[in-house]
Amino acid sequence: MNIIIYLFVLLLIAPSDTGAGSTGSVHVVVNGLRNSNGWVVCHIFNSEDGYPTNSKKAMKYINDFDLDDMQAEFLFAGLKPGKYAFTVHHDENGNKKMDKTFLGLPSEGWACSNNAKAFLGMGIPDFDDACFEVKDKQVEQVIKINY
């Protein structure tokens with residue numbers, strides 16, 4: 001009986017796993033590419049600071065050069081629990097920038113996490129519309145690129 005009480009007390013005072021050291025990941029699948037030219041880049045942000053157009057403020061970015069199957073994939077691993085949002089850009093001509101029309105609209109493909117769209121479909125969605133929660137497992141987002 002004493003051993004049962006001892007084990008019970010050990011369970012009560014043992015440190016619990018609060019999740020502070022746990023990490024998750026985000027797997028992004030981008031469908032709907034119109035060609036296999038250039039590459040697709042994905043920027044992930046952990047705050048609205050810099051989102052969506054200031055890539056220097058992105059937490060991390062990954063390029064996918066293998067577009068033969070008209071699809072791109074990205075895996076962001078080791079992410080701390082929290083809110084995240086990402087942007088995707090199909091840099092078809094490889095000039096490392098988002099090309100735009102004379103009206104200032106994107107002429108290359110783009111997408112945001114959650115397949116978020118801006119209010120009335122005009123402009124870029126804000127962080128709150130595109131953000132999602134990462135905990136201690138993998139989040140999968142399948143998105144369709146916009147042209």
Side-chain angles (χ1 to χ4, degrees), residues 8-147:
F8 181 74
V9 170
L10 277 178
L11 287 173
L12 287 176
I13 63 172
S16 64
D17 181 13
T18 61
S22 64
T23 61
S25 61
V26 176
H27 178 225
V28 179
V29 178
V30 181
N31 291 315
L33 299 175
R34 67 179 168 195
N35 59 54
S36 59
N37 299 340
W39 61 78
V40 177
V41 62
C42 185
H43 291 86
I44 193 162
F45 296 81
N46 60 352
S47 77
E48 59 187 295
D49 185 27
Y51 175 88
T53 58
N54 189 343
S55 59
K56 291 180 180 168
K57 292 196 173 187
M59 187 184 136
K60 189 174 185 180
Y61 73 92
I62 302 173
N63 293 321
D64 187 347
F65 297 94
D66 181 21
L67 306 179
D68 290 338
D69 58 358
M70 307 297 274
Q71 177 176 296
E73 289 193 52
F74 306 93
L75 179 63
F76 295 95
L79 300 177
K80 294 180 182 176
K83 289 186 176 184
Y84 293 86
F86 61 81
T87 60
V88 174
H89 165 220
H90 183 190
D91 188 4
E92 292 177 87
N93 60 8
N95 66 353
K96 299 182 182 176
K97 67 178 188 174
M98 169 64 83
D99 293 330
K100 298 181 179 173
T101 67
F102 70 95
L103 296 174
L105 300 172
S107 62
E108 295 181 302
W110 66 274
C112 296
S113 43
N114 296 334
N115 282 305
K117 305 280 189 248
F119 181 68
L120 298 176
M122 303 297 282
I124 302 171
D126 62 25
F127 185 82
D128 289 335
D129 291 331
C131 77
F132 55 93
E133 193 79 24
V134 171
K135 294 185 180 176
D136 61 352
K137 51 186 162 182
Q138 183 165 294
V139 173
E140 175 132 356
Q141 291 244 346
V142 178
I143 61 169
K144 184 174 185 317
I145 200 147
N146 306 290
Y147 288 97

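Quick caveat, the model's predicted, so the values are computed rather than measured.
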Do [X] and [Y] have side-chain N/O donor and acceptor atoms under 3.5 Å apart?
X    : Y    : result
K117 : N146 : yes
H90  : Y147 : yes
E73  : H27  : yes
D99  : N93  : yes

Can you tell if the side chain of [X] reaches within under 4.5 Å of the side chain of [Y], non-hydrogen atoms only?
X    : Y    : value
V41  : D91  : no
D68  : D66  : yes
K135 : E133 : yes
S22  : P81  : yes
L67  : V40  : yes

Could you check whether K100 pairs with E108 (Lys NZ or Arg NE/NH1/NH2 to Asp/Glu carboxylate O, under 4.0 Å)?
no
Under the side-chain contact (heavy atoms from CB on, under 4.5 Å) test against I145, which residue among V30, N115, N31 passes?
V30
Spell out, as yes or no, whether a donor-acceptor pair under 3.5 Å connects the side chain of [X] to the backbone of [Y].
X    : Y    : answer
N54  : A58  : no
Q138 : S25  : no
N114 : A130 : yes

For I143 versus V88, what's the shortest heavy-atom pair and its separation?
CD1-CG2, 3.7 Å
Closest approach of F132 to A85 (non-hydrogen atoms, all atoms of both residues):
CE2-CA, 4.0 Å
Out of F86, W110, Y84, Y61, which one pairs with H43 under the ring pair (Phe, Tyr, Trp, His ring centres under 6.0 Å) rule?
Y61
Once you round to the nearest 0.5 Å, how far does CH2 of W39 lie from CZ of F65?
5.5 Å
side-chain contact (heavy atoms from CB on, under 4.5 Å) evaluation trace for Y51 with D126
CA-CA 8 Å; Y51 175 88; D126 62 25; 5.6 Å; no
Is the ring pair F74/F76 parallel, tilted or perpendicular, if the boundaries are 30 and 60 degrees?
parallel
Greater than 12 external heavy atoms within 6.0 Å of E48's CD
no
